[in-house]
Structure formats: structure tokens, C-alpha cells
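Written out below as C-alpha cells is the structure these notes cover.
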Number of protein chains: 2
Amino acid sequence: MTVAANFNIALLHYPVYDKNRDVVATAVTNLDIHDIARSARTYGVSRYYIVTPVEEQRRLVEKIRQHWLSGWGSTYNPKRKLALELLQTENSLAEAILDIEKRTGRRPKTVVTGASGRDNSVSFSDLKALIDAEPEQPFLMLLGTGWGLTEEVFDKSDYVLEPISGGGDYNHLSVRSAASIMLDRLFGR
Amino acid sequence: MTVAANFNIALLHYPVYDKNRDVVATAVTNLDIHDIARSARTYGVSRYYIVTPVEEQRRLVEKIRQHWLSGWGSTYNPKRKLALELLQTENSLAEAILDIEKRTGRRPKTVVTGASGRDNSVSFSDLKALIDAEPEQPFLMLLGTGWGLTEEVFDKSDYVLEPISGGGDYNHLSVRSAASIMLDRLFGR
């Protein structure tokens with residue numbers, strides 16, 4: 001059992017802002033599925049939820065998942081199969097939370113991420129200490145798409161994770177890069 | 001001037017292995033351009049070279065670059081412009097090395113990366129110490145595509161960087177994730 005065995009991540013395609021700060025549902029991106037699943041498997045994460053209320057989009061993700069799990073992709077690249085086994089689609093954040101509760105018997109603490117900090121942000125080492133202190137407590141880290149997760153998601157989360165700083169003031173990593181760096185900071189070595 | 005001001009990265013589309021360990025030139029991927037450029041800008045890297053001997057592919061990268069630098073994209077998303085300003089296409093690794101030599105007056109030390117270690121691998125902290133010890137010395141970190149950089153590239157490089165470990169034995173990050181994690185380990189905070 002890895003340190004990350006009770007750690008889950010969710011990529012939310014709703015509710016997020018668009019460029020004009022309207023709340024929208026974004027489209028699923030194929031490389032978000034693959035890159036983040038590969039990072040999740042590398043660091044021993046429990047589940048990787050793709051959350052979208054659009055049924056057709058969930059069906060598309062399932063189709064990709066099946067291709068790599070039992071279709072042609074499973075023999076072409078078995079390493080990809082190991083990564084995509086972590087994948088699970090959910091209709092809403094509430095459903096992802098319920099799924100973890102059902103599996104583990106405990107309600108997960110949610111950790112929201114984004115490019116700007118909050119007064120109540122926890123640092124990476126704070127969060128690591130929280131995870132280490134209570135191995136039975138499940139966590140769910142929330143990743144946004146589009147122009148980021150809505151205020152409501154921030155307000156409702158148990159923790160806000162500090163933004164990734166590269167030393168300068170440019171702070172526009174892709175969600176794929178940000179997810180990988182976050183997992184490395186929490187569970188790498 | 002950032003710590004990474006003399007640090008450069010190159011994404012090599014040749015010479016790399018395919019699945020059958022034949023040496024091939026891979027195709028450029030749009031998200032490799034964007035994700036790695038955004039990470040490079042975040043950590044203050046000097047240049048991001050896209051290396052391919054296929055002229056049509058270099059032209060494609062230039063077209064994408066121009067779209068974001070002076071085309072429609074430059075006003076739609078100026079943050080992307082800042083990232084893609086670091087982008088430069090080269091015909092070969094030798095040309096990228098020459099370009100750095102021309103710009104800085106010094107031949108860069110090359111650091112090759114890959115998913116498997118070598119007897120002579122340097123750790124992230126070793127490499128960080130080397131960079132800090134000699135701020136005037138340019139470095140060029142080599143990232144592979146396809147099934148990885150050829151033995152010849154490994155043999156000719158000054159340093160081999162240790163592979164990223166996530167604690168387990170799964171070691172199949174995307175090159176976009178790996179590049180981001182490497183830059184964070186070297187230059188993050």
C-alpha cells in the first residue's frame with residue numbers, strides 16, 4: 001500500500017469558468033485522460049475521476065477506456081491499460097465524493113487547486129503532513145479545466161492548495177503539467 | 001535573471017526508437033509544443049527547441065508559433081504568447097547546440113533524460129548543484145519522443161539524469177508530464 005493509496009483526483013469539466021467568467025461545461029480532452037492517468041498510476045493514486053454532466057462525453061471517455069482496457073489497445077500497450085484502470089467517469093463532484101464514501105466508508109476531504117492562492121491556502125508540505133497523519137482518511141484533489149473551478153467549488157472545499165510557483169510571476173501551466181507536479185510534490189520520493 | 005536563465009530544453013523527434021526499436025523520426029504533437037513551452041516559461045528556462053529533420057514539420061511548428069505570437073492567438077491569449085516566445089525549431093541536436101554556443105559564447109553541457117537509469121546517472125540534486133556552481137555555463141536538457149532517445153544520444157551526452165520515480169515500479173509518464181516534473185525538481189521554489 002502506497003502513501004497515495006487513499007488519495008484520489010478528479011478532473012472537473014463542470015462547474016468551471018470560461019474566458020468571460022461564465023459558468024460552463026468544457027469538453028473532455030483525450031490527452032487529459034491519458035497524461036493524468038499515467039501520472040496517477042506513477043504516484044500510486046487510488047482513483048482518477050473524470051467528471052462531466054454531459055452523458056455523451058462520459059460515453060466517449062468510457063469508449064476510450066474500454067479500448068485500452070480490453071480492446072485492441074490492451075495488447076498494443078499494456079502500460080496504458082495499467083494507467084487507465086484508475087479511470088472512472090462521474091456525473092458530478094457529489095457523485096465522485098459518494099463513490100469514495102461507498103468504497104472506503106469515509107467521506108473524503110476535498111482539496112481544491114487553482115492558479116491563484118487564497119488566504120486559507122495550505123502548502124504542499126501542510127497537505128502532505130495531513131495525509132501522513134491519518135492514512136485511513138481519503139482525500140479528493142480537484143483539478144479544473146477551462147478558466148478554472150468556480151468560487152462555489154472553492155468555498156465548499158475542505159482545503160485550498162497553494163498554487164505552483166516556478167519562481168517568477170508566470171503561472172499558466174496546463175492542467176496536465178500542474179497535476180503531475182502536484183503529485184510529485186506530494187508523493188515523489 | 002532566474003536560476004534557469006542558462007538552462008535550455010530540446011524535444012527531439014529524431015533520433016528516437018519506435019516500438020520495435022527501429023530508429024525513426026516521430027511526428028510533432030501540438031500539445032507537446034504548448035504544454036512544455038508553458039512549463040518552460042513558468043520556471044524561467046531560456047529556450048525550448050523543437051528538433052526535427054523533417055522540414056514540413058518545422059514549418060508546421062513555425063505556423064503554430066506565429067499564430068500565437070503575432071496572429072489571432074496573440075490577442076486572444078497573451079499568456080500563450082509569452083510561453084511560445086521561448087520556442088525555436090532546429091534541424092538537428094547539433095544545430096541546437098550550435099545556437100546556444102552562438103548566443104552565449106559557450107558550448108552547452110547536455111543532459112539526457114529517459115525512463116531508465118544508467119550507471120553514470122546524476123541525481124536531480126547533483127544536477128542542481130552543477131547548475132548553481134557555474135551560472136555562466138549553459139545546459140541543454142534532452143527530452144525524447146516515441147519510445148525514447150537512442151543509445152547514441154545517451155553515449156554522447158555529458159550527463160544522464162536519473163529517471164523520475166513515483167515510489168512504485170510504474171514508470172511511463174508522458175513527456176509533457178516528465179518535463180514539467182523535471183523543471184519543478186530543478187527550479188521549483
Side-chain angles (χ1 to χ4, degrees), chain A residues 1-5 7 19-20 29-45 75-86 115 123-125 147 162-189, chain B residues 1-5 7 19-20 29-45 75-86 115 123-125 147 162-189:
Chain A
M1 181 154 146
T2 67
V3 188
F7 197 83
K19 202 175 188 297
N20 304 314
T29 304
N30 187 43
L31 276 188
D32 285 351
I33 301 176
H34 286 271
D35 280 16
I36 298 176
R38 291 162 76 180
S39 294
R41 173 60 79 181
T42 299
Y43 292 98
V45 164
T75 49
Y76 178 74
N77 190 344
K79 308 286 187 202
R80 206 53 68 88
K81 179 181 172 175
L82 280 170
L84 293 194
E85 276 172 359
L86 302 181
S123 69
F124 284 91
S125 55
W147 266 254
E162 65 173 330
I164 294 168
S165 164
D169 53 6
Y170 187 87
N171 190 11
H172 306 280
L173 292 165
S174 75
V175 68
R176 298 166 290 282
S177 294
S180 305
I181 292 167
M182 285 168 185
L183 292 177
D184 189 62
R185 287 190 177 188
L186 292 171
F187 305 114
R189 290 192 297 186
Chain B
M1 184 157 144
T2 67
V3 188
F7 197 83
K19 201 173 188 300
N20 304 313
T29 303
N30 186 42
L31 276 189
D32 285 352
I33 301 176
H34 286 272
D35 280 16
I36 298 175
R38 292 162 75 180
S39 294
R41 173 60 79 179
T42 299
Y43 293 98
V45 164
T75 49
Y76 178 74
N77 189 344
K79 307 287 186 199
R80 206 53 68 89
K81 178 181 173 175
L82 280 169
L84 294 194
E85 276 172 1
L86 302 181
S123 69
F124 283 91
S125 55
W147 266 253
E162 65 173 331
I164 293 168
S165 164
D169 53 6
Y170 187 87
N171 190 11
H172 306 280
L173 292 165
S174 75
V175 69
R176 297 167 291 281
S177 294
S180 305
I181 292 167
M182 285 168 185
L183 292 176
D184 189 62
R185 287 190 178 188
L186 292 172
F187 304 113
R189 291 191 300 185

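Side chains included, hydrogens not; waters and symmetry mates left out as well; all remaining heavy atoms used. A, B, ... follow the sequence lines: proteins, then strands. Residue 1 opens every chain.
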*Given a strict heavy-atom distance threshold of 4.5 Å, which part of Ile164(B) is in contact with chain A: side chain, backbone, both, or neither?*
side chain

*Under the 3.5 angstrom rule, does the side chain of Arg41(A) hit a backbone N or O of Leu82(A) as a donor-acceptor pair?*
yes

*Please answer whether the main-chain N or O of Ala115(B) pairs with a side-chain N or O of Asn171(B) as donor and acceptor at a distance below 3.5 Å.*
yes

_Worked verdict on Arg176(B) versus Asp32(B) for side chain to side chain contact (heavy atoms under 4.5 Å, CB included)_ = CA-CA 6 Å; Arg176(B) 297 167 291 281; Asp32(B) 285 352; 2.5 Å; yes

*Between Asp184(B) and chain A, which part of the residue has a heavy atom less than 4.5 Å away: side chain, backbone, both or neither?*
side chain

*Main-chain N/O of Tyr76(B) paired to Lys19(A) side chain as donor or acceptor, under 3.5 Å*: yes

*Heavy-atom distances under 4.5 Å only: say whether Leu31(A) touches chain B with side chain, backbone, both or neither.*
side chain

_Segment of Ala83(A) engaging chain B (4.5 angstrom heavy-atom cut-off)_ = both

*Toward chain A, the part of Tyr43(B) with a non-hydrogen atom under 4.5 Å*: both

*Minimal non-hydrogen separation, Val45(B) against Phe7(B), with atom names*: CG1-O, 3.1 Å

